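Every chain is numbered from 1 and lettered A, B, ... according to where its sequence line falls, protein lines coming before strand lines. Computed from a predicted model, the values in this text were never measured in an experiment.
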Amino acid sequence: MTAVIDKKKCNGCGLCALYCPLDVIYMEDGIGHVVYPDECWHCGACRQECAKGAVRFEFGAMMLAV
Amino acid sequence: MSAWLSGEVHRIKTDVAVIGGGTAGLNVAMAAREAGASVLIVDKAHIMRSGAIAGGIDHFMAYLDTGESWDTREAWLKYVGKVARGAADLRIHEKVFCDELPAALARVEKIGISLRQKDSGEIFRTQTLGQPGPYSINFDGKFLKPAMAKEVARRRCKVINRVQVTNLYLHDGELAGFAGWDMRTGDFYEVQAKAVVIATGNTNRMFKSQTGNPFNLWYCPANTGDLHRAAWDAGVELANVEYVRMTIVPKGFSAPGFNAFFGMGGKFVNGLGDAFMNTYHPMGDKAPRNVMVWGALQEVRAGRGPIYIDVRHLKPKDLEHLFFTLGIDKDTLPEFLHAKGYSREGTMIEMTISEPMQARPSEMCGAGIKIDETCASNIPGVFGAGDASDQMGCLHMCMAGGFAAGKHAARYALRQTRHRPLDAKVLTAERKRVFAPLTRRAGLHYGEFEGIVRIITTDHFGPIKTEISLTSGIAKLDQLDSHREELKASNLHELMRCHEAMNIHAMAKIVAHASLARPESRFSPYHHRADHPETKDEYCGLVVVGKGADGRPTTRFQPLHYAV
């Protein structure tokens, strides 16, 4: 389960990394990276802050198949 | 010396320090500034998006004096005394919630968040959780948290984000200050404060979760009892911490939604398609949360699972509102339900019982720092607010009660003529202790350590407990002590998680000790002693946990009295 950042859409503003309540997103080479995907809370704060629509969510089989 | 210890040391003095910049903390800050105190907010995340409502919130519980018999202060207090009996202190509730409610409602609107429906301009309320009438105001609180963060900036509160507070310090039995460190820079903070308000929520990640991922939780996984533990270590008493709270969540995703589903008229049904809650409570699907969880547990154990919420009978307009409000409370929930194949009109939605957590047994009280009518703890200068206190919880009380705590903390701070000193030697030792996991070449990963804690807690008191299960659970948790020194971090993020893991471990012991001191059952299954399944009048009150001379939890009992 995690937020996924589209590298092509990301403009490097850094708001996702600045605000993520779980400290899982960091900026690397000017792009937002979800470094700790297993620690994502799925709160959606990063997506709400992203002006470029670069964030989407993947739920994964552990959430969808159980 | 490790490179991590090359960070700067910052020394700050403030009148009031707020630890935890969630809903309660930001209301504390607003009030303390308004009272003329200098304010420092310290948050482990970033106050724009931290705490339980980081991604949004969809309801605010309140009485509104509309003329209905259930919509008064008296009816509300009667309700609190009924659903939170033995946990809520009504004298405190009146002061920290009722007296502050009108101003709290006005404050939400004043910072730019409307409590009214966009299309109709009306207040829309629903009834759940044993309420005598519809107390839950549905509103679009998607941006309530950022709006509050902007408001504290406007009021010139000082904020330090991404700082984890690790210990509180006293001087001559009164608050002197605290230490913390910055998880992005490695800098160390030494803060002297005349008053501190702890507003750091409850303890999550303490029990196994439904999918095995400890971050797939109902409440914010960043709330790990850091300041419950630190306050307790400094001599602050805790109360209501024996309760192990749970809710009903969608299978696969521990997201909020209970209030929206049942408030809009969703039906709780078992695997046979039968509605079952009337068997367990006269209010059926409108029963208090713990009773709903209890009912679900019994149905599953009786072989009538899985459990579902049936919304097929709802009118299209109500379904539309339901799915809209689900997305306000948890941004990603509607798309999760869609990804799972649930269509708005069609299928029943499979639900399950959430992970247990150390938290309040009712929406009408809290669990943690034991506070009085002025939100003060037993240690002069230390106050509690929001979910981190034993008498506040949920948005309505965090908004109202947070403000009360800020007023009282400021009043106290402004009466103090000087800051109390911090001991330089103690701070040097603390800095070394904090960064120690970074210096270990080999050791235990925080995930493994936390996982061990979760197995023990879940097996021994998550949620069903007995004297034997608790005593043997405490013995296992004590045996884990030696492994704390083996925790290893390879960067600052992991270091933060190491400290969280140790705090979860320490809080698990406190929860178990508090549970032993309540040989009855109350709010079952939140405190269900299988060896004492009945609720006893003599235990109508608080188990208060302190720290003994031997460093172990001590307990005492404080009765609570209710007129009705």
Side-chain angles (χ1 to χ4, degrees), chain A, chain B residues 22 43-56 142-143 145-146 149 161-162 164 183-184 204-205 210-223 250-255 327-333 335-341 350 352 447 491-494 496-497:
Chain A
M1 63 183 264
T2 187
V4 179
I5 298 170
D6 185 332
K7 291 181 177 57
K8 285 180 189 156
K9 288 185 183 169
C10 174
N11 67 355
C13 76
L15 285 182
C16 54
L18 183 66
Y19 293 147
C20 171
L22 271 301
D23 193 47
V24 305
I25 306 176
Y26 283 73
M27 298 303 287
E28 289 174 4
D29 301 324
I31 298 287
H33 283 262
V34 182
V35 181
Y36 300 95
D38 290 344
E39 297 178 4
C40 171
W41 185 33
H42 274 70
C43 68
C46 51
R47 182 170 63 183
Q48 290 173 45
E49 294 291 343
C50 182
K52 292 292 169 184
V55 183
R56 66 185 169 83
F57 281 85
E58 280 181 4
F59 299 104
M62 187 55 89
M63 294 174 76
L64 296 174
V66 290
Chain B
D43 196 284
K44 196 162 65 170
H46 189 293
I47 63 163
M48 279 285 279
R49 293 291 191 174
S50 59
I53 69 162
K142 182 66 87 185
F143 294 101
K145 191 71 211 307
N161 292 306
R162 301 284 179 205
Q164 183 176 39
M183 68 190 71
R184 293 285 171 107
N204 295 312
R205 294 182 6 225
Q210 59 155 322
T211 63
N213 180 335
F215 290 82
N216 180 354
L217 302 185
W218 174 30
Y219 261 65
C220 183
N223 295 352
K251 185 79 179 169
F253 191 10
S254 281
I328 295 296
D329 218 18
K330 187 76 178 185
D331 194 68
T332 51
L333 179 56
E335 69 204 82
F336 166 78
L337 295 174
H338 181 74
K340 240 189 149 178
E350 188 183 343
T352 192
N491 58 38
L492 296 175
H493 175 88
E494 290 187 11
M496 179 261 295
R497 292 277 184 253

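- Across all their heavy atoms, Cys20(A) and Ala45(B) have their closest contact at O-CB, 4.4 Å.
- Between Leu64(A) and Phe336(B), some side-chain heavy-atom pair lies under the 4.5 Å cut-off.
- What you find for Asp331(B) and Gln48(A) is that their closest heavy atoms are OD1-NE2, 3.2 Å.
- Contacts of Ala52(B) with chain A are made by backbone atoms alone, with heavy-atom separations under 4.5 Å and no side-chain atom involved.
- The closest side-chain heavy-atom distance from His493(B) to Tyr26(A) is below 4.5 Å.
- Looking at every heavy atom in both residues, Gly51(B) comes nearest to Trp41(A) through O-CZ3, 3.7 Å.
- You'll find the side chain of His42(A) stays beyond 4.5 Å of the side chain of Asn216(B), heavy atoms only.
- Looking at Lys330(B), only its side chain comes within 4.5 Å of chain A, counting heavy atoms on both sides.
- Residues Arg497(B) and Val24(A) share a closest heavy-atom pair of NH2-CG1, 4.4 Å.
- Although no hydrogens or angles enter the test, the distance criterion places a donor-acceptor pair under 3.5 Å between the side chain of Asn213(B) and the main chain of Asp38(A).
- Note that CE of Met496(B) and CG of Asp23(A) are 4.5 Å apart. Values are rounded to the nearest 0.5 Å.
- Interface residue Lys142(B): backbone and side-chain heavy atoms are both found under 4.5 Å from chain A.
- Residue Ala222(B) comes nearest to Leu22(A) through the heavy atom pair N-CD1, 3.8 Å, listed as atom of the first residue, atom of the second, then distance.
- Per-residue counts of heavy-atom pairs under 4.5 Å with chain A were compared for Gln210(B), Lys145(B), Arg184(B), Glu350(B); the largest is that of Arg184(B).
- Between chain A and the residues Gly212(B), Ala339(B), Gly252(B), Pro146(B), the most heavy-atom pairs under 4.5 angstrom are made by Gly252(B).
- Each of Gly447(B), Gly341(B), Cys220(B), Ala54(B) has some count of heavy-atom pairs under 4.5 Å with chain A, and the biggest count is that of Cys220(B).
- Here Glu58(A) contributes atom CD and Glu335(B) contributes atom CD; the two are 11.5 Å apart, rounded to the nearest 0.5 Å.
- A donor-acceptor pair under 3.5 Å is formed between the side chain of Arg162(B) and the backbone N or O of Leu18(A).
- The nearest pair of heavy atoms linking Ser50(B) to Pro21(A) is CA-CB, 4.4 Å.
- Annotation: side chain of Phe59(A) is not in contact with side chain of Lys340(B) (no heavy-atom distance under 4.5 Å).
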